[in-house]
Each structure stands twice: as structure tokens, then as C-alpha cells.
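Remember, it's 1-based here, ligands and their atoms both numbered in the order they're listed. All values below were derived from every heavy atom in this structure, side-chain atoms included, with hydrogens, water molecules and symmetry-related copies excluded. Being a predicted model, the structure only gives us computed values, none of them experimental.
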Amino acid sequence: MEADREAQEAASVDLRRDGAAALEWAASYLERVGDFPVLAQVKPGDVRARLPASAPERGEPFADVLRDLDDVLLPGVTHWQSPRFFAYFANTASDPGILAELLVATLNNVGFLWRTSPALHELEEVAMSWLGQLLALPSGWHGHIEDTASTSTIAALAAAREARPDARAVLCSEQAHSSVDKAARLLGLELRKVPTDDEFRLRPELLALDDACAVVATVGTTSSAAVDPVPAIADACERARVWLHVDAAYAGSAWACEDHRWSAEGVERADSLVVNPHKWLFTPMDCSAFWCSRPDDLRNAFSLVPEYLRVAEEVVSLSEYGPALGRRFRALKLWAVMRCYGAEGIRSRIREAVRLAGLFADWVDAEPGWELVSRSFSLVCFRREASDEENEALLNRVNETGEIFISHTRLAGRYVLRLAVGNERTTEEDVRLAWEVLQRCAVA
Ligand SMILES: *Cc1c(COP(=O)(O)O)cnc(C)c1O
């Protein structure tokens, strides 16, 4: 017993003292995050090789964790918080989001029933209602938070399958995200890819819905942020009585701004919708906002109430509306971001990202030897007027500099480079530097 107590004390961490050091680490990291190579310049296995093969027998001080974070882990970190992270979809863990995440872990609520945390349930409903209003969505939809858009889409398609058990096909455009493929595979549904037009939008006249249970429309595709024609897709779905799920994981955040609401047209007719606040709404990973206008179908797909979860209260348990039982207190961080930034703070950050992407697109467009392929929201697709191989080599040279990090995709069979603005720290100077690095590497 004595030995057990000693062993526990050896491992003890002082939350105030070590917490202050951890917070200091966080603040100082964010001050210097722009100084690190954006893409980690390590080889596979490098990080693992510097770590012990087994956990220590004797507990070590938290200061050692912070030391190894600097010495061992940081060289292997790709800096998503860097203002010069332009790959995939750049995101931001904002200060209010970071602090709220600490509090989420502190409370460690597991919100599977209302009574396991009434505050978690009710704040989640309130935060989803606030977010719905910010994005001008219809009122009255069921809303809850999932970990990722992948899970939200699984939830949507499970409800669609439940609503139409005789129909097994899911249709989406050939530009839809791979999470739709994965969800269909998991649910035993057959995925059919519909061709797109020359702006990479689903062609609604090609939707054959006889044996379909769902269509997934994308607002802001992953490759080029194309916007599928949701009103025409909604017409087809209504005629065939097929579930319409809208994947706006990235671009949905832009609906906070009036200027971008055109891309929400028809979304009010969707059966379900996903928008990721962890993408472009300044909320740390993970936070995926999922709405459903047919909550009874969603509940039919997921509700299972074993004896040990039976309660007398007549209240909704959010775990009956999705795949997971245990639910994190994610609402706290979304709520903190909306409160501390306010609608105008969110709008101004989104507008700035779009403005910076526009500047970059204009520079590319004006420069001989370069081709602007597309520009949508805060994402620019472009390429050198050269072979695919040369563009790929250029991407590698650029990312090896560590000065910026961009990614690529393939559009109409061609290799293209993508620059996505989305981190709140990104300034015009950072975007200008990105353009300089690209031009320098293109001639090298
Ligand atoms: C990023 C993205 C996803 C996947 O999001 P996760 O939260 O990582 O699952 C799905 N669809 C679109 C359109 C996306 O941009």
C-alpha cells in the first residue's frame, strides 16, 4: 500500500505549476509557429526512433513531456497553425477554442444521456442553433456535433438507408469527397459517381434515382471548391423521394457572410447537412456540425436503449442520433469561439481569407507561364504551363523549402496545385511570400 502511494506520488503533476508551463508553451509556440518549416522535414520512422520503446516504469515530471515536445516531437510536426500553411483546407485552432478544449478535458463529460451532462446536451443544442442562425439555415432542424464530416455523412446515409430499405444506391458527383465512398462501403450501399460539367459541378440531368436511397451534393468540393447545383438536385430528390445530404464541410462556413449565401441556395430543402467548424470556423479539431430535417429517421437508424441506459426523464439523448455512445463536450469550444469572436469577428476572418485567395489568383492569372485553373471561396487551383511531371516536381521543391506548404489534386485529368487560405494568422505578406517561393522554385 505504502509503495503504491509512493508510486502515485512520483507520477504526480501539479496542475497549477505545470499547467502554467503548458500554457506558456502554447502561447510561445503560437508566437513562433511561423518560424518553423511548415511541412515536417523528417523521414518515416525518424520520430519513433527517438522515443523509448516502452513506457517508463517510474513516473516522470511533466516538464520532461514539454522538453521532449520541443526536442523530439516538434521537428516531426507539420505546422497546421502556421500562417503559411496553404495545403488541403487550412484551418485554425483559435485562442478561445484552445482554452475551451482544455476545459473540455477538465470536465471530461461523457454525454451519452441527458443526465450524464445536462449542460453538454443543452449547450450543444444552443450552440447548433446559434451556428444555424449564423449560417442562415432554416430553424427547427435537429442539430448535433459529430467528430468529423466522415462520421456525419455515415449518420446521414444510415438514416437514408433506414428510410428507404428497398433502395441501395447512393449517388454523388465524381468530385465528391472520399468519405462518401467510405460511408457507402461501411453501410453496404452501392455508390454511383455522376459526371460533372466543365466547372466540376454535378450534372443533375444525369441523376438516375430509381433504386437510390440518397444523393450527396457537395457545396465546396475538396479538389476545387466547386458548388453542385443543389436546387436542381433537390428537385430530382423530391420527385424520386430520395434523401438529399449536403456536404459543405469546408465551404458551409462561408455562409456566415451574405456574399457567399448564393451557394446555400437549395440547402434549405436538404434532409441533412454537414459543415465542419474545425475546418473554417476557428474551432480546434474535432468539431463537425450535423443537421437533419428528418430527425425521426435519424433516430430510427441509431436509437438503441439497453436496460442500463433507461431513464425516466422525457428528454432527448443525442447519442440516439448518431453512431457514438460516448460524446465529448465539443459544444463548449464551438460556443466559446462564437462568443469570443462574435458573428462579426467570424465574418471578417472569412472575408479576409477570401480576399487573400483572390489576390493570389489575380497574380497567377496575370503572370505568363502560369495558368489559373479555378478560384472558389478561399481556394485557388493553378499550375505551371508545363507537364504534369514538372508541376509535381515544382510542388516537391516548394514544400521542401519549408517556407510554405501547398498540396495538389487532379482536375480534368491534369495535375494542379492548390493554395487554400484559411488560417486566421495568414496575412497578405504570407500570401505574397507563397507566390515568390513558387516563382523562385519554378525557375530553379
Ligand atoms: C474535409 C472534407 C471532408 C472530410 O472531413 P473530415 O471531418 O476530415 O471527415 C468531407 N467532405 C468535404 C467536402 C471536405 O472538404
Side-chain angles (χ1 to χ4, degrees), residues 78 80 85-93 97 131 135 144-158 170-187 191 193-194 196 199-202 214-230 233 244-255 260 263-264 267 270 272-291 322-324 327-328 330 333-334 350 353-354 357 374 376-381 407-411 418-423:
T78 291
W80 283 76
F85 186 107
F86 299 111
Y88 314 112
F89 284 117
N91 62 12
T92 306
L131 182 59
L135 306 184
H144 75 256
I145 303 176
E146 291 288 352
D147 53 358
T148 58
S150 304
T151 304
S152 296
T153 294
I154 290 169
L157 296 186
V170 174
L171 286 84
C172 65
S173 95
E174 56 198 12
Q175 293 289 326
H177 191 267
S178 59
S179 56
V180 183
D181 302 57
K182 203 185 255 188
R185 197 198 291 179
L186 272 171
L187 294 165
L191 188 69
K193 300 259 172 109
V194 180
T196 52
E199 290 187 45
F200 310 108
R201 300 171 298 200
L202 184 147
V215 175
V216 179
T218 311
V219 174
T221 58
T222 308
S223 280
S224 66
V227 176
D228 285 343
V230 180
I233 297 171
L244 171 58
H245 176 57
V246 175
D247 178 358
Y250 154 68
S253 297
W255 301 334
H260 299 291
S263 63
V267 170
S272 56
L273 164 69
V274 57
V275 175
N276 274 357
H278 71 223
K279 237 171 203 163
W280 199 12
L281 221 88
F282 319 106
T283 309
M285 269 295 282
D286 50 1
C287 185
S288 178
F290 179 63
W291 286 274
R327 315 185 70 258
R328 303 183 69 223
R330 295 189 187 90
K333 51 189 179 175
L334 180 58
I350 286 174
V354 173
S374 70
S376 183
F377 301 102
S378 64
L379 174 65
V380 183
C381 293
S407 60
H408 81 282
T409 190
R410 215 166 253 287
L411 285 172
R418 290 168 79 265
L419 181 130
V421 184
N423 188 274

(Q) As a check for students: among His278, His177, Glu146, identify the option with a heavy atom nearest to atom 10 (C) of ligand 1. (A) His177
Q: Output yes when Arg328 and Asp147 qualify as a salt bridge under the 4.0 Å nitrogen-oxygen rule, no when they do not.
A: no
Q: Please could you name the atoms of ligand 1 that Phe89 approaches to less than 4.0 Å, counting only its heavy atoms?
A: 15 (O)
Q: With heavy atoms of Lys279 as the reference, note each atom of ligand 1 found under 4.0 Å away.
A: 1 (C), 2 (C), 3 (C), 4 (C), 5 (O), 14 (C), 15 (O)
Q.
Among residues at least two apart in sequence or on other chains, which ones pass ring pair (Phe, Tyr, Trp, His ring centres under 6.0 Å) with Phe85?
A. Trp80, Phe405
Q.
So for ligand 1, is Asp247 a polar contact partner (N or O within less than 3.5 Å, distance only)?
A. yes
Q: Please work out whether any backbone atom (N, CA, C, O) or any side-chain heavy atom from C-beta onward of Asn276 is under 4.0 Å from ligand 1, and answer side chain, backbone, both or neither.
A: side chain
Q) Quick one: CG on Asp181 to OG1 on Thr153, what's the gap to the nearest 0.5 Å? A) 11.0 Å
Q: Check the angle between the aromatic planes of Phe377 and Tyr250 and answer parallel, tilted or perpendicular using the 30° and 60° thresholds.
A: perpendicular
Q: Could you tell me the separation between the CZ atom of Phe89 and the NE2 atom of His278, rounded to the nearest 0.5 Å?
A: 11.5 Å
(Q) Taking 4.0 angstrom as the limit and counting only heavy atoms of Gly220, give me the atoms of ligand 1 inside it, by number and element. (A) 13 (C)
Q: Would you mind checking which non-hydrogen protein atom is closest to atom 9 (O) of ligand 1, with the distance to 0.1 Å?
A: Ser150 OG, 2.5 Å
Q | Proximal ligand 1 atoms for Thr222, defined as those under 4.0 Å from one of its heavy atoms | A | 12 (C), 13 (C), 14 (C), 15 (O)
(Q) Please report whether ligand 1 has a polar contact with Ala149, defined as an N or O pair separated by less than 3.5 Å (distance criterion only). (A) yes
Q: May I ask you to identify, for Ser179, whether its side chain, its backbone, both or neither come under 4.0 Å of ligand 1 on a heavy-atom basis?
A: side chain
Q) For Asn423, which residues count as a side chain to side chain contact (heavy atoms under 4.5 Å, CB included) partner, sequence neighbours excluded? A) Gln81, Thr92, Arg425, Thr426
Q | Interatomic spacing from CE in Met285 to CZ in Arg330 - rounded to 0.5 Å | A | 9.0 Å
